[in-house]
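Working notes, beginning with the structure itself.
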Amino acid sequence: MARDMQITFDCADPAGLSAFWAEALGYRPQDPPAGFESWEQALEAMGVPPGSRNDASAVVDPTGSGPRLFFQRVPEPKQAKNRVHLDVRAAPGLDGEARMAALEAAAEQLVSHGATRLRRHEPAPPLGAGHIVMADPEGNEFCLD
């Protein structure tokens, strides 16, 4: 039996980082609890102080098939290279120059939303299709693949 899972990001700005990843993956913010029109309204009713309202955030796949992404505020900054990272499939079914052009377009779009381009790996057949290494606004590495 497969288990449901979520991917959790430790970060300084949960709202900002969740907005970036929603844009990068085509996700949307998780709906507020039933009976509330907004998260602000829900957090107010729960008695969460204004200074703690950006302690967590989540985004979900609008189709319901992808994992939930959860963002939690932590006090320490990112210290080292990620040992696990996300590969964003930005060029499915493409090869060669068409693939790299699609990856470049995706990289440009994500840079406009706060990502940093780190390096490009050229195609190296037969196994290396080429990819671009990026970092999200808080420095978490991911690949456009």
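Because the structure is a prediction, the values reported are computed rather than measured.
With values rounded to the nearest 0.5 angstrom, R53 atom CZ is found 4.5 Å from E44 atom CD. With rounding to the nearest 0.5 Å, the separation of CE in M134 from SG in C143 is 10.0 Å. Taking CZ of F70 as the reference point, atom SG of C11 lies at 9.0 Å (rounded to 0.5 Å). Put simply, CG on D55 and CG on L43 are 9.5 Å apart, with the number rounded to the nearest 0.5 Å.
Among pairs with a residue in residues 31-51, none fulfils ring-ring contact (aromatic ring centres under 6.0 Å, His included), at least two apart in sequence or across chains. For residues 127-139, the set of pairs meeting the side-chain hydrogen bond (donor to acceptor under 3.5 Å, both in side chains) definition, not counting sequence neighbours, comprises W21-D136, D136-N140.
A salt bridge links E104 with R120: the closest approach of a Lys/Arg side-chain nitrogen to an acidic carboxylate oxygen falls below 4.0 angstrom. Between E141 and K78 there is a salt bridge, with a side-chain nitrogen of the basic residue lying less than 4.0 Å from a carboxylate oxygen of the acidic one.
Listed for the N54 side chain is a donor-acceptor partner under 3.5 Å among the backbone atoms of A15. Between the side chain of Q79 and the backbone N or O of P77 there is at least one donor-acceptor pair closer than 3.5 Å. Distance alone, capped at 3.5 Å, places no donor-acceptor pair between the S52 side chain and the V48 backbone.
Two different hydrophobic clusters hold V74 and F20 under the rule that ILVMFWY side chains link at heavy-atom gaps under 4.5 Å. One hydrophobic cluster holds both F9 and V88 under the rule that ILVMFWY side chains link at heavy-atom gaps under 4.5 Å.
With a 4.5 Å cut-off between side-chain heavy atoms of Ile, Leu, Val, Met, Phe, Trp and Tyr, the cluster of L118 takes in V133. Through direct or relayed side-chain contacts under 4.5 Å between Ile, Leu, Val, Met, Phe, Trp and Tyr, L94 connects to no other residue.
Side-chain contact, Q72 with D10: a donor N or O sits under 3.5 Å from an acceptor N or O.
Residue-environment remark: CD (E108) stays at or below the threshold of 12 foreign heavy atoms within 6.0 Å. Within 6.0 Å of atom CD in E76, more than 12 heavy atoms from other residues, nucleotides or ligands are found, so the atom counts as buried in its surroundings. Taking a 6.0 Å sphere around CD of E37, one finds it holds 12 or fewer heavy atoms contributed by other residues, nucleotides or ligands.
When all heavy atoms of P137 and L17 are compared, the closest pair comes out as CD-CD1, 3.8 Å. Residues A90 and L103 share a closest heavy-atom pair of CB-CD2, 3.9 Å. When all heavy atoms are compared, the tightest approach of P14 to S57 is O-CB, 3.6 Å.
Counting heavy atoms from C-beta outward, D87 and H85 have side chains that approach closer than 4.5 Å.
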Test log, rule side-chain contact (heavy atoms from CB on, under 4.5 Å), inputs R99 and D145: CA-CA 9 Å; R99 174 185 173 76; D145 179 28; 2.7 Å; yes

message: Go through it in stages, so that I can follow the logic: the residues are F142 and L110, the test is side-chain contact (heavy atoms from CB on, under 4.5 Å), and I'd like the CA-CA distance, side-chain angles, deciding distance and then a yes or no.
response: CA-CA 11 Å; F142 66 97; L110 292 175; 3.9 Å; yes

field: Test log, rule side-chain contact (heavy atoms from CB on, under 4.5 Å), inputs R28 and V60
entry: CA-CA 6 Å; R28 63 171 181 75; V60 295; 3.7 Å; yes

field: I132 and R117: CA distance, side-chain angles, deciding distance, side-chain contact (heavy atoms from CB on, under 4.5 Å) verdict
entry: CA-CA 8 Å; I132 298 174; R117 179 193 177 104; 4.0 Å; yes

Identify every side-chain donor-acceptor pair in residues 123-130 under 3.5 Å, counting partners at least two apart or on other chains, and give the distances.
none

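For D61, the side chain to side chain contact (heavy atoms under 4.5 Å, CB included) criterion is met by Y27, T63, S65, not counting sequence neighbours.
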